[in-house]
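The structure displayed is predicted, hence computed values, not measured ones.
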Amino acid sequence: MNVRVRYGPSPTGEPHVGNIRTALFDWLLARRFGGQFIVRIEDTDQSRAVEGAEQLILDALTWLGLDWDEGPDIGGPYAPYRQSERLPMYVDAARRLIDEGKAYRCVCSPERLDAVRKSQQKAKQPPGYDRLCRDLNCSADDPHVVRLAMPLDGETIVNDYLRGDVSFQNALLDDHVLLKRDGFPTYHLASVVDDHHMQITHVIRGEEWLSSAPRHVQTYAALGWDEPAWVHIPIIRGPDKGKLSKRHGATSIRQYAEEGFLPEALLNFLALLGWSKDESTTIMSCEEITEAFDLDGLGLSSAMFDIERLREMNARYIRDLDPADFLRRGRPHLEDRVGRPIADDELDRLLTIATAIQERVKLMPEFADYTDFFFAEGPLEYANADLMGRAYKNKPWAALESVEASLRALRSVDEAGWTTPALESALRDLAEERGEKPGAVFTPIRVAATGKRIAPPLFETLETLGQELTVERLNAAAERLARPDD
RNA sequence: GGCCCCAUCGUCUAGAGGCCUAGGACGCCAGCCUUUCAAGCUGGUAGCACGGGUUCGAAUCCCGUUGGGGCCA
């Protein structure tokens, strides 16, 4: 199957998940069938253009791992890939349509259009341009728009790849604008002209475009071109069931990146919104998805963006990371927390405990919560109540006694034997000797060593921390318990 | 309001007439494990929107209703 698909974002802001999911399906189809994935910037609405948005769009694609074969930055056989740089092609198409009597100049003022609309509203008529200029042959010298002369009756069939034939009454479709007063094309003209010239085979886009698809079908017909396959994919809905939009908060791709979602997790999640491989597979690598992807696997009903599911999937991806890779990805967050760069060898000290941390981190920034104490200098901050835990609640003397006993036990471990199994047996024996539950003894050690009630597994933590620092911190804890004034 | 699309557990979905006593995943609940927190394991909860057809037989096909969504205003 020959596949050429395009992602046509408007540079009006950062791409959000709904938008990028379309790009993902484009990309998957292209990669699956060895076709081309094209990025085309649709910047014909000058008033909405946002400086720098184009780069943000490309960055988002890159972050997700969606590479493009042709685009504004790398060019390609059908360059340029910015609509604002392709104006002559739209003007040519419009001129040809006018010459052939399939489109016409319209000089109606916005005020008149407004009045027409109001009277239609009052008369409960379907709204739309009343075609006043259709047979007037208006002069090109006056300010004008160019409109397509749509068929007056009959129906237009949109053969949607997923839905089959969808028919629209032509009587309900007005003569829409192709070229605006400023000479810029509307989406209706530009996308058709570009898709044709760029040899696009499948137009994959959100279902919100289905309503205007008959206009595009008619434009293709007027121009005498073959239509691409129309693939209107279901919209992604927000928690309020409506179309996902900026209103729903964190929807931009960059925000997800910043919040600590892994690109491969987001990609997997997005792919499963409206598509599925089979009855049971949910975790799939990008390669597996690409291999299995097919338009026929797409569903027709719109899916809700369930952030909980994404979070779970992200946690799963984090757990499955190679430990060394996990540490590399966590490093920026740790550096951010401790305020200094962490060198490779420092980071690799965490290798022994990495897996345990991976099981706990749901979002990458939490990496810092489980590692910052390894790199903290000076006394840790924590409450004495945390130090005492439940077992020694309000009994600082008992906690002190326990900490001192632990200190003696830990000091007596010889440096070469400072390993997780050795530490575990030493401290378990101690608890047994003292006739206490392990938790009672371990809690003060954990808090003293990490400054936190919630931390990675204790013995691995102590091993990683080293004997010297462990003893130092337990000493500090003992001192605090000895003068219970705070 | 008009046109269009859609309809399986709370959510994402499998299901293309008998493999369905409707499967999986997330969530949720319970238990196990347990040094905190997690992870893991076991079990459980919960759904074919409704009504008519077609058929020996319908979650699956047709029609209608209802509901949701999109576009236009």
B:U54 and B:G47: how far apart are their P atoms, nearest whole angstrom?
29 Å
For A:Arg428, answer base if it contacts any base atom (sugar-phosphate contacts may also be present), sugar-phosphate if it contacts only those atoms, and nothing otherwise; contact means non-hydrogen atoms under 4.0 Å.
base
Within 45 degrees of the axis of the six-membered ring of A:Tyr129 and under 6.0 Å from its centre: does A:Arg147 put its NZ or CZ there?
yes
Among B:C26, B:A38, B:C6, find the nucleotide with the atom closest to the side chain of A:Lys362.
B:A38
Using side-chain heavy atoms (C-beta onward) and a distance below 4.5 Å, is A:Thr156 in contact with A:Ser167?
no
Gap in Å between the two C1' atoms, one belonging to B:A59 and one to B:U8, rounded
7 Å
With a 4.0 Å limit, can you tell me whether A:Arg309 has a side-chain N or O closer than that to the phosphate oxygens OP1/OP2 of B:U13?
no
For the P atoms, the ones on B:C33 and on B:G51, what distance do you get once it is rounded to whole angstrom?
48 Å
Under 4.0 Å, heavy atoms only, any strand: does A:Ser167 hit a base, just the sugar-phosphate, or nothing?
sugar-phosphate
Considering Watson-Crick and G-U wobble pairs with both distances under 3.5 Å, what does B:G10 pair with?
B:C26
For B:U36, the nucleotide meeting Watson-Crick or G-U wobble distances (both under 3.5 Å) is none
What integer number of Å spans the C1' atoms of B:C9 and B:A46?
5 Å
A:Val166 side chain: which of B:G40, B:C12, B:C5 is closest?
B:C5
Distance alone, cut at 3.5 Å: any donor-acceptor contact between the side chains of A:Arg31 and A:Thr290?
no
May I ask which nucleotide in the shown strands pairs with B:G17, Watson-Crick or G-U wobble, both distances under 3.5 Å?
none
Taking any strand in view, what nucleotide pairs with B:U60 in a Watson-Crick or G-U wobble way, both distances under 3.5 Å?
none
Across the strands shown, which category fits A:Ser280 at heavy-atom distances under 4.0 angstrom: base, sugar-phosphate, nothing?
sugar-phosphate
Hey, is A:Asp194 close enough to A:Arg40 for a salt bridge, meaning N to O under 4.0 Å?
yes
Both distances below 3.5 Å, Watson-Crick or wobble geometry, any strand: find the nucleotide opposite B:G2.
B:C71
For B:G31, what is the paired nucleotide under Watson-Crick or G-U wobble rules, both distances under 3.5 Å?
B:C41
Closest nucleotide among B:A73, B:A39, B:C12 to the A:Pro127 side chain:
B:A73
May I ask you to evaluate whether A:Ser276 reaches the phosphate of B:A14, defined as a side-chain N or O under 4.0 Å from OP1 or OP2?
yes
Over all strands shown, is A:Phe168 touching base, sugar-phosphate only, or nothing at heavy-atom distances under 4.0 angstrom?
sugar-phosphate
Can you measure A:Arg205 atom CZ to B:C71 atom P for me and round it to whole angstrom units?
13 Å
Measure from the side-chain heavy atoms of A:Ile454 and tell me the nearest of B:A14, B:C37, B:U11.
B:C37
Heavy atoms from C-beta onward define the side chain here; which of B:C71, B:C37, B:C26 lies closest to that of A:Glu208?
B:C71
Using atom C1' in both nucleotides, what's the gap between B:C48 and B:U21 to the nearest angstrom?
14 Å
Given that A:Glu424 and A:Ala356 both sit by RNA chain B, which one's nearest nucleotide is further toward the 5' end?
A:Glu424
Pairwise C1' distance for B:G52 and B:U11, with rounding to whole Å
31 Å
Tell me whether the guanidinium CZ or amine NZ of A:Arg360 lies under 6.0 angstrom from the six-membered ring centre of A:Phe367 and within 45° of its axis.
no
Heavy atoms under 4.0 Å, any strand shown: does A:Ala455 hit a base, just sugar-phosphate, or nothing?
base
Which nucleotide in B:G40, B:G70, B:G68 has an atom nearest any side-chain atom of A:Ser211
B:G70
Residue pair A:Tyr370 / A:Gln358, side-chain donor-acceptor N/O under 3.5 Å
no
Does B:A49 have a Watson-Crick or wobble mate here (both distances under 3.5 Å), and if so which one?
B:U65
Using a 4.0 Å heavy-atom cut-off, does A:Pro457 contact any base of the nucleic acid, only the sugar-phosphate backbone, or nothing at all?
base
For A:Gly274 and for A:Tyr370, find the nucleotide of RNA chain B with the closest heavy atom, then tell me which residue's nucleotide is more 5'.
A:Gly274
If you look at every strand shown and take non-hydrogen atoms under 4.0 Å, does A:Ser301 touch a base, only sugar-phosphate, or nothing?
sugar-phosphate
Can you list the steps and then say if A:Asp165 with A:Asn159 is a side chain to side chain donor-acceptor pair (under 3.5 Å)?
CA-CA 4 Å; A:Asp165 286 350; A:Asn159 182 256; 2.6 Å; yes
Looking at the side chain of A:Arg446, which of B:U35, B:C26, B:C37 is the nearest nucleotide?
B:U35
What integer number of Å spans the C1' atoms of B:G69 and B:C28?
28 Å
Centre of A:Phe375's six-membered ring, under 6.0 Å away, within 45 degrees of the axis: is that where NZ or CZ of A:Arg349 sits?
yes
With rounding to whole Å, what would you report as the distance between B:C19 and B:G57 at their P atoms?
15 Å
Check whether any side-chain N or O of A:Arg360 sits under 4.0 Å from OP1 or OP2 of B:A39, and answer yes or no.
no
Is there a Watson-Crick or G-U wobble partner for B:U54 with both distances under 3.5 Å, and if so, which one is it?
none
Using a 4.0 Å heavy-atom cut-off, does A:Leu210 contact any base of the nucleic acid, only the sugar-phosphate backbone, or nothing at all?
sugar-phosphate
A:Pro438, nearest nucleotide to its side chain (from B:C71, B:C3, B:U35):
B:U35
